[in-house]
Engineer: 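Please find one structure pasted underneath; my questions will follow.
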Number of protein chains: 2
Amino acid sequence: MHAQLAVKTIQDALRPAPPTCGQCPAYDLNLCRAASEAVWASPNGTPLKIQQAEHSAPARRTICREQDLHDTVPIICNGWAASIIMLSDGSRQILSFLLPGDIVSTALLFEPRPHCLLEAITDVRYRTFRRTELREILFSNPELLDRLSRSWIEEKARDDQLIVDLGRRTADERIARLILGLVERLTKREMVHGDPLEFEFPLRQHHIADATGLTPVHVSKVLSEFRRSGLIKISERSLTILDPIGFRRIANMR
Amino acid sequence: MHAQLAVKTIQDALRPAPPTCGQCPAYDLNLCRAASEAVWASPNGTPLKIQQAEHSAPARRTICREQDLHDTVPIICNGWAASIIMLSDGSRQILSFLLPGDIVSTALLFEPRPHCLLEAITDVRYRTFRRTELREILFSNPELLDRLSRSWIEEKARDDQLIVDLGRRTADERIARLILGLVERLTKREMVHGDPLEFEFPLRQHHIADATGLTPVHVSKVLSEFRRSGLIKISERSLTILDPIGFRRIANMR
DNA sequence: CGGTGTCTTGAATACCATCAAGTCTTGTGG
DNA sequence: CCACAAGACTTGATGGTATTCAAGACACCG
């Protein structure tokens, strides 16, 4: 596999100015914003700004590999990404989809090795912070520590839910729950439009398959069935939930 | 369901003295030990010992429920427990088995609600620390913070592995990997005897089923097949791995 | 224009669940 | 101590869900 890294800071500088953090849909819940705004006391007493760098990766590009060592922690600014574990026979399991404002994994604050592949789904902009600095800042400020602990808890809760979904639910339930989980997270970021619920949906069916432990073929069949039942509509990389009540019923069959 | 809580500190006092922490098989990797030994500065400057209480629960008893609120964090001293998510149709998913020295979940340092059921598998002794105190201590001492971060990372890594196992592996692989994962953790605690590998194995087949997303019936069939192939032996609540190489091959089929 | 990636559909198959019956063990109360 | 009930495990028969295999339609891109 042709896994060229996508650190192209120089080219970025030549492109039209990227949106500022204030336009980030995750502005209010963003660790990145908090860290950027934070000022900390350096060892010699001078207040310092945290160092950061902005990067981008085109859709489908690998952002970092499982065995790479990094002294920086990435946070997604824009676009969708996925953290993925690959098996030797080529099958893949997506651990989580990363949306704007998400820290890739809170565990990265403590260890340099991500243990999973990070892949861009859409074009992605992301920011990296030096691990030691970021950790220092987050732990030295009670309000930031609180914010960190919430994202830690949320990360853990989503892992637990995924375990239950993969262990104990049918294909229909898994897929419906995946979509509703995304709706919830997108809603917090104000990336979902009103009634009926509609939002940008860049996932390919193979992404859904890799996230739900199914095959792309079966995902296709389930989604077709959802459409035939009038539950959802998918077109132009956009998803509409036509029957929220019926759809939630599928997701909560047990 | 008859889920009486098992906090019987008074009765405990009447029983023969429990083994000391020094005899805990997880002594060296134990957060509990570190916390117990730690001394911290109180608001008025006096050094304080952390408060803790010791409890016990008999096998099969619920230790705490998903909706309970606790201002304490439990750490297992002795015996096996499981954290479990229950679905409304009665099916269960075990998120993790808890062994001596394990903190139930690092997320409990930040939130009072466990989100999952905690159940004793064998008779269990456990210790509870006040959340605010424990957090304070762990975060104020760099060596303890390091220890905490390691157990956080390990917890995350095990969650990720479970997700992959449930999403992408067959029944044979899941069961073999569950057992080998336990061997690894028990070995660190010096709870595995030499060659051939043998150890106390208190899990019922329904525990294995709940942990691997299978049915007890199918677990029985797979284990029988493992025995017939001469890979393992189970008797008297004790498990022996007769053919480590063959068994690991099953666990790493992809 | 061929190539690649994406999605769909049908047929055959594998894996695991469900159902059912029976053995054996463990615990409990009379 | 025995009788009985409940839990744990096994085994076989049957069925359903999801996989695998295969072929074709369609869009997009260099």
Side-chain angles (χ1 to χ4, degrees), chain A residues 1-2 58-61 87 89-93 119-123 165-176 178 201-229 232-239 250 253-254, chain B residues 1-2 58-61 87 89-93 119-123 165-176 178 201-229 232-239 250 253-254:
Chain A
M1 178 159 293
H2 167 77
R60 310 188 42 202
R61 180 73 53 85
L87 281 77
D89 71 343
S91 62
R92 299 153 53 101
Q93 177 64 48
E119 206 175 271
I121 293 173
T122 64
D123 292 350
D165 290 350
L166 295 179
R168 291 291 169 210
R169 296 188 196 270
T170 64
D172 290 7
E173 295 171 278
R174 293 185 207 178
I175 293 175
L178 170 65
F201 192 74
L203 299 187
R204 308 281 151 164
Q205 292 186 357
H206 73 81
H207 291 121
I208 299 179
D210 289 343
T212 53
L214 302 166
T215 57
V217 174
H218 199 237
V219 169
S220 168
K221 287 171 182 169
V222 171
L223 287 179
S224 298
E225 184 55 39
F226 284 171
R227 265 180 304 220
R228 235 172 297 124
S229 322
I232 62 173
K233 190 181 66 160
I234 304 182
S235 58
E236 320 268 325
R237 305 283 146 222
S238 161
L239 193 153
I250 301 257
M253 294 292 277
R254 56 189 89 195
Chain B
M1 178 160 295
H2 166 76
R60 309 186 43 198
R61 181 72 53 86
L87 281 76
D89 71 343
S91 62
R92 300 152 53 100
Q93 177 65 47
E119 208 176 271
I121 293 173
T122 64
D123 293 349
D165 289 350
L166 295 179
R168 290 291 168 211
R169 295 189 198 268
T170 65
D172 290 7
E173 295 172 280
R174 293 186 209 178
I175 293 176
L178 171 63
F201 192 73
L203 300 186
R204 308 279 152 167
Q205 293 186 356
H206 71 81
H207 291 122
I208 300 179
D210 289 342
T212 53
L214 303 166
T215 57
V217 175
H218 199 239
V219 169
S220 169
K221 288 172 182 168
V222 171
L223 288 179
S224 299
E225 185 54 40
F226 283 171
R227 264 178 305 222
R228 235 172 296 122
S229 322
I232 62 173
K233 191 181 66 158
I234 304 183
S235 59
E236 319 268 327
R237 305 284 144 224
S238 162
L239 194 153
I250 300 262
M253 294 291 277
R254 55 188 93 195

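Labels below follow one simple rule: chain letters A, B, ... track the order of the sequence lines, proteins then strands, and each chain is numbered from 1.
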Engineer: For C:dT6 and A:His206 - does any side-chain N or O of the residue sit under 4.0 Å from the phosphate oxygens OP1/OP2?
Structural biologist: yes
Engineer: For B:Gln205 and D:dG7, give me the distance from atom CD to atom C1', rounded to whole Å.
Structural biologist: 12 Å
Engineer: Using modelled atom types and a 3.5 Å cut-off, is there a donor and acceptor pairing between side-chain atoms of A:Ser229 and backbone atoms of A:Glu225?
Structural biologist: yes
Engineer: Could you go through the side-chain hydrogen bond (donor to acceptor under 3.5 Å, both in side chains) check for B:Ser91 and B:Asp89 one step at a time?
Structural biologist: CA-CA 6 Å; B:Ser91 62; B:Asp89 71 343; 2.8 Å; yes
Engineer: Output yes when at least one side-chain N/O atom of A:Thr215 is less than 4.0 Å from OP1 or OP2 of D:dA18, else no.
Structural biologist: no
Engineer: OP1 or OP2 of D:dT11 versus the side-chain N and O atoms of B:Ser220: is any pair under 4.0 Å?
Structural biologist: no
Engineer: Does a side-chain N or O from B:Arg174 land closer than 4.0 Å to OP1 or OP2 of C:dC16, or not?
Structural biologist: no
Engineer: Does a side-chain N or O of A:Ser224 approach OP1 or OP2 of C:dT9 to a distance below 4.0 Å, or not?
Structural biologist: yes
Engineer: Output the single nucleotide from C:dA17, C:dG10, C:dC19 whose closest atom is nearest the side chain of B:Val217.
Structural biologist: C:dC19
Engineer: Look at the side chain of A:Gln93 and the backbone N and O of A:Ala211, then say whether any donor-acceptor pair between them is shorter than 3.5 Å.
Structural biologist: yes
Engineer: C:dC16, C:dG5, D:dT11: which one has an atom nearest the side-chain heavy atoms of B:Leu214?
Structural biologist: C:dC16
Engineer: Is the phosphate of D:dC28, meaning OP1 or OP2, less than 4.0 Å from a side-chain N or O of A:Arg237?
Structural biologist: no
